[in-house]
Amino acid sequence: MSIRTTKLKIIKFSKDFLLASRLLQILQPFNNLFGFIYNFNLLTSWVHKNKKANLLTNDFYRPIRHYDDRLKSFVAIADHYQLHDTPVCYLEFGVASGNSFKWWLQQCRHSSSRFYGFDTFEGLPESWGVFNKGDMHSPIPEVNDNRASFYKGIFQDTLNGFLDENGSSIRNTRKLIHMDADLFSATLFALSQLYPFLQKGDIIMFDEFNVYDHEFMAYRLFTECFYINLKPISAQNNFYHAAFEVV
Ligand SMILES: C[S@@+](CC[C@H](N)C(=O)[O-])C[C@H]1O[C@@H](n2cnc3c(N)ncnc32)[C@H](O)[C@@H]1O
């Protein structure tokens, strides 16, 4: 019997035994702890490897941090990629009252630029950390700019219809994708659907990247399952906000 056949037999026997005996279920009360340790260690390794990358902005382990530090990253990206006066397709997933959406709308002045905002506008569709389902609800923001449009509903319902209609026009414009839905489910869904439309040079920003079981997990599964290479270009607040270029 070859070594491979022996290994397969041992694996099969062990799996059948564990399923039949339910032995590991005695550890079930520790599921969250084991999950936390495993996933947080993946994040820690990732951060330590990537903080040495050549980033437009970076800011690690500062004692006092502010959410608006992400603006430093926005400014650096807009300047570096000359987004002020060249056509860009801005897609934001998680708009709420439109803080970041309006910022980009003001900064990217080219008349051919287009801005698409996706949100339930009824708040989070599921709980996230200390936030409950329905938190962060906000009406569709008022913007006086006909380059902008909003899509109300969960991404799982709105994004595919949008891509059917606009996919060919967004494919060849530089895309600036802002993932700010906070949730693992929403982030992974949106990234997976956008995958066929991504081109080299597109930029993907994550607003809560270093949340180990949400945006980071979505990033990890997306890059692993789609074999896509995302180069880190900017980070703020110890990768709480992180941006990548499709290479
Ligand atoms: C943190 S807020 C967005 C903040 C906004 N980008 C800003 O800078 O002010 C997150 C938003 O994501 C939305 N969201 C989360 N999951 C969603 C989903 N699956 N479909 C649609 N919207 C979702 C929530 O409704 C919420 O308004």
Looking at [X], I want to see if its [atom1] is surrounded by more than 12 non-hydrogen atoms of other residues, nucleotides or ligands under 6.0 Å.
| X | atom1 | answer |
| --- | --- | --- |
| Leu19 | CG | yes |
| Glu142 | CD | no |
| Asp16 | CG | yes |
| His137 | NE2 | no |
| Asn32 | CG | no |
| Gln82 | CD | no |

Taking side-chain contact (heavy atoms from CB on, under 4.5 Å) as the criterion, tell me which of Asn58, Asn50, Asn54 meets it with Pro232.
Asn50
Mind checking whether [X] and [Y] have side chains closer than 4.5 Å, heavy atoms only?
| X | Y | result |
| --- | --- | --- |
| Met217 | Leu43 | no |
| Phe226 | Leu198 | no |
| Leu194 | Ile204 | no |
| Thr187 | His214 | no |
| Leu183 | Pro125 | yes |
| Asp207 | Ser100 | no |

Can you give me the closest heavy-atom contact between [X] and [Y], atom names plus distance?
| X | Y | value |
| --- | --- | --- |
| Glu126 | Ser185 | OE1-OG, 2.8 Å |
| Phe184 | Asp213 | CB-O, 3.7 Å |
| Gln236 | Ser73 | CG-CB, 3.9 Å |
| Lys52 | His48 | NZ-O, 3.6 Å |
| Phe155 | Gly94 | CZ-N, 3.6 Å |
| Ser234 | Leu55 | N-CD2, 3.6 Å |

Any idea how Trp46 and Phe209 line up, ring-wise: parallel (<30°), tilted (30 to 60°), or perpendicular (>60°)?
tilted
Indicate the ring-plane relationship of Phe131 and Trp128, choosing parallel, tilted or perpendicular according to the 30° and 60° boundaries.
parallel
When you measure from the side chain of [X] to the backbone of [Y], do you find a donor-acceptor pair of N or O atoms at a distance under 3.5 Å?
| X | Y | value |
| --- | --- | --- |
| Asn210 | Asn238 | yes |
| Asn229 | Val247 | no |
| Glu208 | Asp182 | no |
| Thr57 | Ala235 | yes |
| Lys152 | Thr120 | yes |
| Arg70 | Asn237 | no |
| Lys175 | Phe197 | yes |
| Arg114 | Ser111 | yes |

Nearest-0.5 Å distance, [atom1] of residue [X] to [atom2] of residue [Y]:
| X | Y | atom1 | atom2 | value |
| --- | --- | --- | --- | --- |
| Thr6 | Ile10 | OG1 | CD1 | 6.5 Å |
| Asp157 | Phe162 | CG | CZ | 15.5 Å |
| Asp145 | Arg109 | CG | CZ | 12.5 Å |
| Ser2 | Leu8 | OG | CG | 8.0 Å |
| Asn39 | Phe34 | CG | CZ | 13.5 Å |
| Ile154 | Phe118 | CD1 | CZ | 13.5 Å |

Applying side chain to side chain contact (heavy atoms under 4.5 Å, CB included) to His241 and Asp69, what does each step give before you reach the verdict?
CA-CA 9 Å; His241 181 88; Asp69 288 343; over 6 Å; no
Rest of the hydrophobic cluster containing Phe74 (Ile/Leu/Val/Met/Phe/Trp/Tyr, side-chain heavy atoms under 4.5 Å)?
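Listed partners: Leu56, Leu71, Val75, Ile77, Tyr81, Leu83, Val88, Tyr90, Val95, Phe101, Trp103, Trp104, Leu105, Phe115, Phe121, Ile140, Val143, Phe150, Leu176, Ile203, Met205, Ile233.
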For the hydrophobic clusters of this structure (ILVMFWY residues joined by side-chain heavy atoms under 4.5 Å, transitively), does one cluster hold both [X] and [Y]?
| X | Y | answer |
| --- | --- | --- |
| Val246 | Tyr227 | no |
| Leu27 | Phe17 | yes |
| Tyr38 | Phe40 | yes |

Please step through ring-ring contact (aromatic ring centres under 6.0 Å, His included) for the pair Phe239 and Phe206, ending with a clear verdict.
CA-CA 9 Å; Phe239 283 99; Phe206 292 85; over 10 Å; no
Would you say the side chains of His110 and Asp85 form a donor-acceptor pair under 3.5 Å?
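No, no side-chain donor-acceptor pair sits under 3.5 Å.
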Assess whether side chain to side chain contact (heavy atoms under 4.5 Å, CB included) is satisfied between Tyr151 and Leu159, documenting all intermediate values.
CA-CA 8 Å; Tyr151 296 80; Leu159 182 53; over 6 Å; no
Would you please indicate yes or no on a ring centroid separation below 6.0 angstrom for Phe216 and Tyr212?
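Aromatic pair excluded; centres sit 6.0 Å or further apart.
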